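Structure, as structure tokens:
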Amino acid sequence: MLPFSLLVASSILLSVFAGGVLPGVLYNATFFSCAALLIVSGCRRYRSRFCLPSRFCFVIVVWILATAAPLPDSITNRFGTLRVQQQERVRTALRAAADLNFTDVADRNFSLSRNRSGTLRTVLFVFSVFAITGLATCLPREWAYRYLRFLAGFAAVIAALGFIGQHVVPQGKFIWWHFPVSQGDPVGCFVNRSHFGGFLVMLCPAVLLMIVRDINGRNRKLTIFGILCFAIISIGIMGSMSRGAFVLFALCLIATVICTIPGGNATTGITISVLACMSLFAGSLLITGKVEHRLRTLRRPVEDVGSQPRIAVWRDSVRTWLDYPVVGAGADGFQMVHAMHKSHLRDRTVRHAESRCLQLLVDGGIVGVIMVFGLIVGYLRRLRRMISGRPMRTIEKIAVLTLGCAAVHAMIDVPLFIPLYASVLGSIAGLPLNRLAEQTTESEKGQSLSTRLASVGRREMRTFGILGMVVGLIILLQYGSRVHQTDRSAFIVHAGPDDLADALTSAPTSWQAWYHLGRYGFLVDDPSANAFGERCISQAAMYNPTDYKLWGSLVQIRRSLGDLEGAEEALRHKQNTTPEDVRKKTEKYYKLRNKELR
């Protein structure tokens, strides 16, 4: 009962607070999940081994922490000359800023990550998700099925509210009509419709296979409940107008049907008929002009205008990885290094790679990919050992299908960075890994083995929970709210010189931090300060070479300083990076202005 209540509370709280993406929620989620793991590990009735291969869990956490820790140059210089050059530029700029009395003169150490704040957030995120997964392994079998039924109802509520927020009472730029966001088009508790639709699709295998189980058990009430939940979820998926969710939904239905075929009885036919009818019913209700248009674009997805930016980001991600091939740019470092390789001529900041797999490659490099691959293989091997010699049960089929659905979604989107999505996925993955879930009594022969497994599981869970709370407390005391600010535009725009120095130390390739530090050089009438400002803004342009507005500012700055040759060079960059539609609007404006002057 206790693990069930904690898992339910975690899902509800994360959904209420915008899926966990709001600043400050991650601290609370980490402390809550780790404390819950400690509480459950102290209860002898919940006996389970730690859900995931513990060695890989600890290695991943330690590695992420190592990439975020400030390290001496003797260590960071061994990971490529590019990092050395980036860090030396920051040191030179900060020394010049100290000479101008803009910042202090304290020497600073850099980390392997190109976005220390984002990497520290990832540490909290990983602790939270692993702790939730460990908590799920403590659920007895019957309570695990109750938790899956809760997720079915939970997904139906999210689908209904998201549909209302998208088509009935528009949410606008607000999550739950309350929490404002600067980017995306929020749907329910998610920032965009792709994440909303993907979350619902991820839970479809659990809903469908639980319907099959309830039909086999001849439980009419639960069967009707499951069918109603699936109908609402189907309507929510179709109403999301996410093309990725449409495709993923179709693949999910096919995979789930294939999993029900080995049963070979009338239940399979009934289930297939029910899910097909529900899907067609939801689709027929929502074939409006917008949905129909979105469906038609799937005929040629590569040629669709809406898909071009996403495909361009994928190509840019591969080029970005080549700069950091071995250890990567650090967890959540993509947003700070992508602008240098951005090919599409827009000033929009891209925070994610539009593919979790490609972002893992950029953020973690070859080392990160090997670690995650080892974790997945270790999990599958442990699951295989548990089901060896017998058919897969419903809960094991649900775990495999859900993980497969999330893996396919991760190839074309980045929903796994959302705490709610990742926590629910982790909890489902942990459900089938309770070795002692079905054991109610202990024989004399098995008593010692059961006791040994339980004690090992509790020790691992306690260690992980304590480590998570200690690390979270250290990050909170050392960085506090800055862990959510130094890589955010809203903070950098209004930051002072000392805060900008911290931002550059945390993210040496942040073009925004370079630009706004350079602006302080023009607030005083001093040639040295002006030259310092020009150098900083020039460096910002080098780190974001496709921003035509940035090059335009540099043209004016260099002209004011008398550097006509440099101004001409900046002007050429501006002309080459100005989008065609912006150029046409500018030409039209000047034609009308000249006509008025005449």
Side-chain angles (χ1 to χ4, degrees), residues 56-73 75-90 109-127 129-130 313-343 349-377 407 410-411 413-417 422 471 475 483 486-487 503-511 543-544:
F56 284 106
C57 289
F58 284 106
V59 166
I60 288 174
V61 170
V62 171
W63 171 250
I64 298 175
L65 277 172
T67 60
L71 300 173
D73 292 345
I75 296 178
T76 58
N77 291 350
R78 297 178 181 274
F79 290 88
T81 57
L82 183 61
R83 280 185 170 84
V84 177
Q85 294 171 359
Q86 293 167 352
Q87 293 164 187
E88 192 57 36
R89 292 184 189 121
V90 174
N109 288 328
F110 296 89
S111 60
L112 293 178
S113 173
R114 300 297 86 179
N115 183 14
R116 185 186 297 169
S117 295
T119 304
L120 290 174
R121 290 198 302 269
T122 304
V123 171
L124 299 175
F125 176 79
V126 169
F127 270 117
V129 174
F130 281 177
V313 172
W314 291 347
R315 288 196 298 263
D316 299 342
S317 300
V318 177
R319 290 197 295 269
T320 304
W321 166 69
L322 294 176
D323 282 347
Y324 310 91
V326 180
V327 298
D332 203 20
F334 174 86
Q335 58 180 309
M336 293 301 170
V337 297
H338 166 259
M340 286 181 282
H341 302 276
K342 188 170 61 175
S343 58
T349 300
V350 179
R351 298 185 59 84
H352 303 285
E354 305 293 351
S355 168
R356 196 60 184 174
C357 297
L358 285 176
Q359 182 149 350
L360 172 63
L361 186 64
V362 176
D363 290 353
I366 297 174
V367 173
V369 171
I370 291 174
M371 287 184 179
V372 173
F373 182 76
L375 178 64
I376 295 172
V377 171
M411 295 180 183
D413 206 348
V414 287
L416 286 174
F417 82 93
V471 171
I475 295 175
V483 77
T486 55
D487 58 346
L504 279 177
T505 306
S506 174
T509 59
S510 172
W511 71 268
Y543 284 142
N544 190 13

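All values reported here derive from a predicted model rather than from experimental measurement.
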Inset, instruction - Find out whether Glu88 and Gln85 are in side-chain contact, i.e. whether some heavy atom of one side chain is under 4.5 Å from a heavy atom of the other. - result: no
Inset, instruction - Please report the shortest heavy-atom distance between Gly330 and Ser113, naming the atom on each side. - result: CA-OG, 3.7 Å
Legend entry - Worked verdict on Met340 versus Trp511 for side chain to side chain contact (heavy atoms under 4.5 Å, CB included): CA-CA 9 Å; Met340 286 181 282; Trp511 71 268; over 6 Å; no
Inset, instruction - Only pairs at least two apart or in different chains count here, so list each salt bridge (Lys or Arg N to Asp or Glu O under 4.0 Å) that has a residue in residues 365-376. - result: none
Inset, instruction - List the steps, then state whether side chain to side chain contact (heavy atoms under 4.5 Å, CB included) holds for Thr76 with Leu112. - result: CA-CA 6 Å; Thr76 58; Leu112 293 178; 4.2 Å; yes
Between side-chain atoms of residues 321-329 and protein atoms elsewhere (two or more places apart, or another chain), which donor-acceptor pairs fall under 3.5 Å?
residue, atom, partner, partner atom, Å
Trp321, NE1, Pro325, O, 3.2
Asp323, OD2, His341, NE2, 2.5
Tyr324, OH, Gln86, NE2, 2.9

Inset, instruction - Quick one: pull up CG in Leu375 and CD1 in Ile370 and give me the separation to the nearest 0.5 Å. - result: 14.0 Å
Legend entry - Minimum side-chain heavy-atom gap Lys342-Val313 below 4.5 Å: no
Legend entry - Validation row: Arg116, Thr119 side chains within 4.5 angstrom (heavy atoms): no
Inset, instruction - Taking the side chain as every heavy atom from C-beta outward, state whether Arg89 and Tyr543 have any pair of such atoms under 4.5 Å apart. - result: yes
Legend entry - For Phe127, all residues meeting ring pair (Phe, Tyr, Trp, His ring centres under 6.0 Å), sequence neighbours excluded: Phe464
Inset, instruction - Mind checking the CD1-CE spacing from Ile376 to Met371? Nearest 0.5 Å is all I need. - result: 14.0 Å
Legend entry - Any Val362 side-chain heavy atom under 4.5 Å of Leu358 side chain: no
Legend entry - Non-hydrogen atoms of Asp487 and Gly118 that approach each other most closely: OD2-N, 4.1 Å
Legend entry - Nearest non-hydrogen partners of Leu416 and Phe125, listed with the distance: O-CZ, 2.9 Å
Inset, instruction - Using a 4.5 Å cut-off on heavy atoms from C-beta on, say whether the side chain of Phe110 contacts that of Thr505. - result: yes
Inset, instruction - Determine the minimum heavy-atom distance between Leu504 and Ser510, stating which atoms define it. - result: CD2-O, 4.1 Å
Legend entry - Spacing of OG1 belonging to Thr486 relative to CG belonging to Asn115, to within rounding of 0.5 Å: 6.5 Å
Legend entry - Test item: Glu354 and Ser317 side chains (from C-beta on) under 4.5 Å apart, heavy atoms: no
